[in-house]
Amino acid sequence: MMLVTGGAGFIGSHIVDKLIENNYDVIILDNLTTGNKANVNPKAEFVNADIRDKTLDEKINFKDVDVVFHQAAQINVRNSVENPMYDGDVNILGTINILEMMRKYDIDKIIFASSGGAVYGEPNYLPVDESHTINPLSPYGLSKYVGEEYIKLYNRLYGLEYAILRYANVYGERQDPKGEAGVISIFIDRMLKNESPVIFGDGNQTRDFVYVGDVAKANLMALNWKNEIVNIGTEKETSVNELFNIIKNEIGFKGNAIYGRAREGEVYRIYLDIKKAKSLGWRPEVDLKEGIKRVVDWMKNINR
Ligand SMILES: O=c1ccn([C@@H]2O[C@H](COP(=O)(O)OP(=O)(O)O[C@H]3O[C@H](CO)[C@H](O)[C@H](O)[C@H]3O)[C@@H](O)[C@H]2O)c(=O)[nH]1
């Protein structure tokens with residue numbers, strides 16, 4: 001049995017779908033704060049609870065769980081700067097609570113969603129590989145890294161097996177444009193409504209945008225990765241200005257972007273070295289233009 005925390009969320013729900021396609025039995029744990037009931041695969045068992053709940057084992061039969069895909073988190077970099085206590089509560093204490101359940105019920109393995117965009121901080125060199133120094137610029141980057149370190153500690157203390165996936169900027173269908181994170185879905189949503197998106201800062205900041213289907217695939221492959229920390233990105237750098245133009249062309253939007261103030265706690269340039277993932281057999285398959293096209297089609301359909 002596979003347990004996916006955050007399985008009603010954006011990335012988690014894609015992992016659930018792929019697991020079910022591959023005939024695994026799945027339990028979803030999600031408290032629906034940012035997750036959405038509509039994303040819940042009907043073939044999965046759904047448990048509405050919080051990862052910080054100390055009585056989780058009264059709600060989930062952990063004895064049947066073999067692997068935990070831990071995707072539930074506070075995911076917003078900018079909100080973590082505004083509210084570091086909440087970020088730490090969910091991302092650090094929530095992760096410890098999941099690890100404690102795993103220890104108590106002797107669960108073999110955790111596959112953890114970490115952040116390749118946020119744990120390294122402003123890169124010393126590009127692309128950033130997994131041995132780059134850790135120097136987060138936000139509570140979110142730090143809380144993700146602390147989660148990694150707890151997992152490694154549980155490996156040393158109790159032999160818990162892990163795969164830590166440091167995601168680049170993940171985008172795709174089901175990313176909620178109403179939150180503040182997920183620039184691609186936010187820009188598409190606005191331009192489809194014929195409204196100008198807001199670019200924070202000068203728009204020359206860059207990110208590595210990786211398609212959610214490719215990320216879900218990496219998670220399934222990680223079932224065979226033993227105690228590895230792996231960047232999951234594309235090794236391609238795209239600025240927010242470039243992104244605006246790609247989406248503008250795809251949609252045929254006639255307006256311009258509005259430029260707003262830069263946000264604190266953000267890195268300026270980043271893209272990830274993915275040699276390690278490739279050596280483990282994974283590579284991204286959907287390029288940015290194709291991925292954006294898919295999100296545009298999806299958003300047109302849900303808004304109809
Ligand atoms: O309306 C917007 C929203 C975002 N941006 C800019 O677009 C870039 C990307 O912003 P996102 O919110 O899409 O992504 P972040 O890089 O801030 O964070 C995301 O990617 C990270 C990894 O890089 C984390 O893992 C995090 O969980 C995830 O939300 C940033 O420079 C941001 O300033 C805008 O210009 N306008």
Side-chain angles (χ1 to χ4, degrees), residues 6 9-12 34 70-82 87 90-91 112-123 126-128 132 134-145 147-148 164-172 174-191 193 195-212 215 218 231-248 256-272 274 288 291-292 295:
F10 163 48
I11 302 172
T34 54
H70 183 33
Q71 309 293 311
Q74 187 301 112
I75 57 140
N76 192 308
V77 174
R78 291 169 293 278
N79 283 357
S80 81
V81 178
E82 301 298 323
D87 178 84
V90 176
N91 292 0
F112 179 61
S114 184
S115 173
V119 300
Y120 301 116
E122 199 60 56
L126 290 164
V128 179
H132 187 281
I134 300 296
N135 200 15
L137 290 175
S138 62
Y140 170 79
L142 180 59
S143 66
K144 279 289 169 187
Y145 183 63
E148 292 189 5
I164 290 168
L165 307 189
R166 290 183 176 158
Y167 302 156
N169 279 55
V170 187
Y171 73 95
R174 299 183 192 149
Q175 190 165 33
D176 184 0
K178 280 168 216 80
E180 231 207 303
V183 66
I184 291 186
S185 64
I186 294 170
F187 281 11
I188 293 175
D189 180 56
R190 297 206 70 139
M191 289 191 235
K193 292 177 180 149
E195 291 168 9
S196 291
V198 180
I199 293 177
F200 302 152
D202 63 11
N204 292 324
Q205 69 268 38
T206 63
R207 295 290 185 271
D208 179 341
F209 294 101
V210 62
Y211 181 65
V212 68
V215 172
N231 283 344
I232 299 297
T234 64
E235 218 170 293
K236 294 200 170 71
E237 184 179 27
T238 306
S239 73
V240 173
N241 286 328
E242 284 169 313
L243 187 68
F244 169 74
N245 284 317
I246 297 172
I247 298 173
K248 179 176 159 143
N256 293 312
I258 297 165
Y259 285 82
R261 74 176 168 82
R263 301 298 197 256
E264 299 92 58
E266 292 208 339
V267 302
Y268 193 59
R269 281 183 71 187
I270 191 155
Y271 67 107
L272 303 181
I274 57 168
L288 186 57
I292 284 175
V295 181

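Counting starts at 1 for both ligands and their atoms, following the listed order.
For R263, the closest heavy-atom approach to ligand 1 does not fall below 4.0 Å. Within the structure, the closest approach of F187 to ligand 1 falls below 4.0 Å when heavy atoms are considered. Taking a 4.0 Å cut-off on heavy atoms, R78 registers as neighbouring ligand 1.
Interface of I199 with ligand 1, defined as ligand atoms under 4.0 Å from a residue heavy atom, comprises 35 (O). Those atoms of ligand 1 with a heavy atom of E266 less than 4.0 angstrom away are 30 (C), 31 (O), 32 (C), 33 (O). Close approach of ligand 1 to V240 (heavy-atom distance below 4.0 Å) involves ligand atoms 7 (O), 8 (C), 35 (O). Set against the non-hydrogen atoms of I75, the atoms of ligand 1 under 4.0 Å away are 26 (C), 27 (O), 28 (C), 29 (O). Residue G182 approaches ligand 1 through these ligand atoms, each under 4.0 Å from one of its heavy atoms: 11 (P), 12 (O), 13 (O). Listed by number with element, the atoms of ligand 1 under 4.0 angstrom from any heavy atom of Q205 are 6 (C), 31 (O), 33 (O).
The shortest side-chain heavy-atom distance between V295 and I247 does not fall under the 4.5 Å cut-off. Counting heavy atoms from C-beta outward, Q71 and Y167 have side chains that approach closer than 4.5 Å. Two residues are said to be in side-chain contact when any heavy atoms from C-beta on lie closer than 4.5 Å; T206 and S239 meet this criterion. Here the side chains of D176 and T34 are not in contact, with every heavy-atom distance at 4.5 Å or above.
Checked by atom type and distance alone, the side chain of Q175 pairs as donor or acceptor with a backbone atom of V170 at under 3.5 Å.
Summarising the contacts of atom 36 (N) of ligand 1 with V198, N79, N241, D202, the nearest heavy atom is found in V198. Nearest-heavy-atom check against atom 35 (O) of ligand 1 across Y120, F200, Y259 picks out F200.
For T234, the side-chain contact (heavy atoms from CB on, under 4.5 Å) criterion is met by D208, V210, K236, P284, not counting sequence neighbours.
Of all the heavy atoms of R207, the ones lying under 4.0 Å from any atom of ligand 1 belong exclusively to the side chain.
A side-chain N or O of Q74 and one of D87 form a donor-acceptor pair less than 3.5 Å apart. In this structure, a donor-acceptor pair under 3.5 Å is present between the side chains of Y268 and D202. Residues N135 and Y145 bring no donor and acceptor atom of their side chains to less than 3.5 Å of each other.
Between V183 and ligand 1, at least one pair of N/O atoms sits closer than 3.5 Å. Polar contact check, S115 against ligand 1: a nitrogen or oxygen pair lies under 3.5 Å apart.
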